[in-house]
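Have a look at the structure below before the remarks.
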Amino acid sequence: MARNSGDGDTTYAKGARVTGESRDRLQEDLKRRYEEGASIRTLAQETGRSYGFVHNVLVESQVRLRGRGGPNRRRAATSDEKA
């Protein structure tokens with residue numbers, strides 16, 4: 001069952017199935033917010049669902065997922081490449 005918190009976020013009872021129109025609405029909302037820059041972890045926390053659930057819903061909605069954040073590991077440049 002969906003609950004609307006005071007700040008506009010909708011949370012779902014832990015372990016409750018989200019199907020039909022509720023899932024469609026959740027999918028649209030998560031897709032919009034993810035595309036606006038929210039992280040999967042943030043969306044999971046705000047909706048009371050797991051990271052995996054939110055990830056799967058985003059994949060179902062055919063969102064292009066961003067790469068992981070943080071520093072990228074790159075091959076060290078050789079002396080020939082530096083010059």
Side-chain angles (χ1 to χ4, degrees):
M1 170 168 277
R3 293 186 313 258
N4 196 348
S5 63
D7 57 3
D9 292 330
T10 301
T11 59
Y12 295 84
K14 188 171 184 166
R17 291 199 182 272
V18 183
T19 59
E21 288 182 29
S22 291
R23 190 174 184 97
D24 293 342
R25 282 193 307 271
L26 177 63
Q27 201 172 51
E28 290 171 14
D29 183 48
L30 291 176
K31 179 178 179 177
R32 177 186 53 79
R33 291 167 60 197
Y34 183 79
E35 288 176 340
E36 290 174 352
S39 70
I40 295 175
R41 290 195 191 285
T42 299
L43 295 173
Q45 185 176 24
E46 290 174 355
T47 58
R49 303 304 293 200
S50 70
Y51 178 97
F53 175 86
V54 172
H55 181 274
N56 288 337
V57 168
L58 291 173
V59 169
E60 287 173 11
S61 66
Q62 300 178 351
V63 170
R64 180 152 195 246
L65 298 176
R66 297 185 296 265
R68 291 182 56 159
N72 292 324
R73 294 185 181 177
R74 297 182 183 196
R75 182 176 57 90
T78 63
S79 60
D80 292 340
E81 293 173 337
K82 291 180 184 176

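Side-chain atoms are counted along with the backbone in the values below, which use heavy atoms only and exclude waters and symmetry mates.
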Donor-acceptor under 3.5 Å (T47 side chain, L43 main chain): yes
Looking only at heavy atoms, the pair that brings I40 and L65 closest together is CD1-CD2, 4.4 Å
All heavy atoms of R66 vs all of G37, minimum pair found to be NH2-O, 3.5 Å
In terms of side-chain geometry, is the basic nitrogen of E28 or R32 positioned less than 4.0 Å from the acidic oxygen of its partner? no
Under the side-chain contact (heavy atoms from CB on, under 4.5 Å) criterion, do R49 and V18 qualify, and how do the steps go? CA-CA 10 Å; R49 303 304 293 200; V18 183; 4.1 Å; yes
If you apply the rule side-chain contact (heavy atoms from CB on, under 4.5 Å), what do you find for E35 with K31, and how did you get there? CA-CA 6 Å; E35 288 176 340; K31 179 178 179 177; 3.5 Å; yes
Side-chain donor/acceptor of R23 to backbone N/O of V57, under 3.5 Å: no
For S39 and T42, which heavy atoms make the closest approach, and how far apart are they? OG-OG1, 2.8 Å
Approximate separation, where rounding is to 0.5 Å, of D29 CG and Y34 OH: 15.0 Å
Can you confirm whether R41 is buried at CZ, in the sense that more than 12 heavy atoms of other residues, nucleotides or ligands lie under 6.0 Å from that atom? no
Please check if atom CD in Q62 has more than 12 non-hydrogen atoms from other residues, nucleotides or ligands closer than 6.0 Å. no
Between the CG atom in D24 and the CD atom in E60, the distance rounded to the nearest 0.5 Å is 10.0 Å
